[in-house]
Amino acid sequence: MSASLHNSLIHVAHQLVHSLPSPVLRVLDAWSLRVARRRALQRQLKWQQQKAATQANAAGAAVYHLKPWRD
C-alpha cells in the first residue's frame with residue numbers, strides 16, 4: 001500500500017514540476033546547480049582535511065625497531 005502511495009506522490013510531483021513556467025524552472029535549475037557546487041566543494045574540503053591529517057600522522061609516527069628477544 002505504501003509503495004503505491006509513494007509512486008503516486010512521485011508521479012504527482014513530476015507532473016507539478018513539468019507544469020511550471022520555464023522562468024521558474026530556470027530559477028530552480030540555477031538554485032540546484034549552486035547547491036550541488038557548494039556540496040561538492042564541502043566534500044572536497046573535507047577530503048583534503050582528512051588527507052592532510054593522515055599525512056601529518058604518518059610523518060609524525062614513531063618508527064618501531066624490533067629488538068632481539070634474547071642475546
Side-chain angles (χ1 to χ4, degrees):
M1 179 81 176
S2 66
S4 64
L5 177 63
H6 184 262
N7 287 341
S8 64
L9 288 176
I10 289 175
H11 182 68
V12 168
H14 184 267
Q15 286 180 337
L16 178 67
V17 168
H18 284 285
S19 67
L20 291 172
S22 60
V24 175
L25 287 177
R26 283 194 300 271
V27 168
L28 289 175
D29 284 341
W31 171 79
S32 177
L33 183 63
R34 285 193 309 269
V35 169
R37 285 181 177 168
R38 185 179 68 233
R39 289 181 181 169
L41 181 62
Q42 289 172 346
R43 284 192 304 271
Q44 184 181 17
L45 291 174
K46 183 179 178 182
W47 177 80
Q48 287 174 347
Q49 289 171 349
Q50 289 174 348
K51 185 178 177 182
T54 303
Q55 289 176 347
N57 287 341
V63 178
Y64 180 74
H65 297 284
L66 186 64
K67 295 183 180 178
W69 184 60
R70 294 201 180 211
D71 290 281

Sorted by chain and number, sequence neighbours left out, side chain to side chain contact (heavy atoms under 4.5 Å, CB included) with Gln50 holds for Lys46
The complete set of side-chain hydrogen bond (donor to acceptor under 3.5 Å, both in side chains) pairs with one or both residues in residues 17-35, sequence neighbours excluded, reads His14-His18
Taken in chain and number order and not counting sequence neighbours, the residues that satisfy side chain to side chain contact (heavy atoms under 4.5 Å, CB included) with Lys51 are Trp47, Gln55
| task | Check whether any side-chain heavy atom of Leu28 sits under 4.5 Å from a side-chain heavy atom of Val17, and report yes or no. | result | no
Residues at least two apart in sequence or cross-chain that pass ring-ring contact (aromatic ring centres under 6.0 Å, His included) with His11, listed by chain then number, are none
Applying side-chain hydrogen bond (donor to acceptor under 3.5 Å, both in side chains) to Gln42 and not counting sequence neighbours gives none
With sequence neighbours left out, the residues meeting side chain to side chain contact (heavy atoms under 4.5 Å, CB included) with Leu41 are Gln44, Leu45
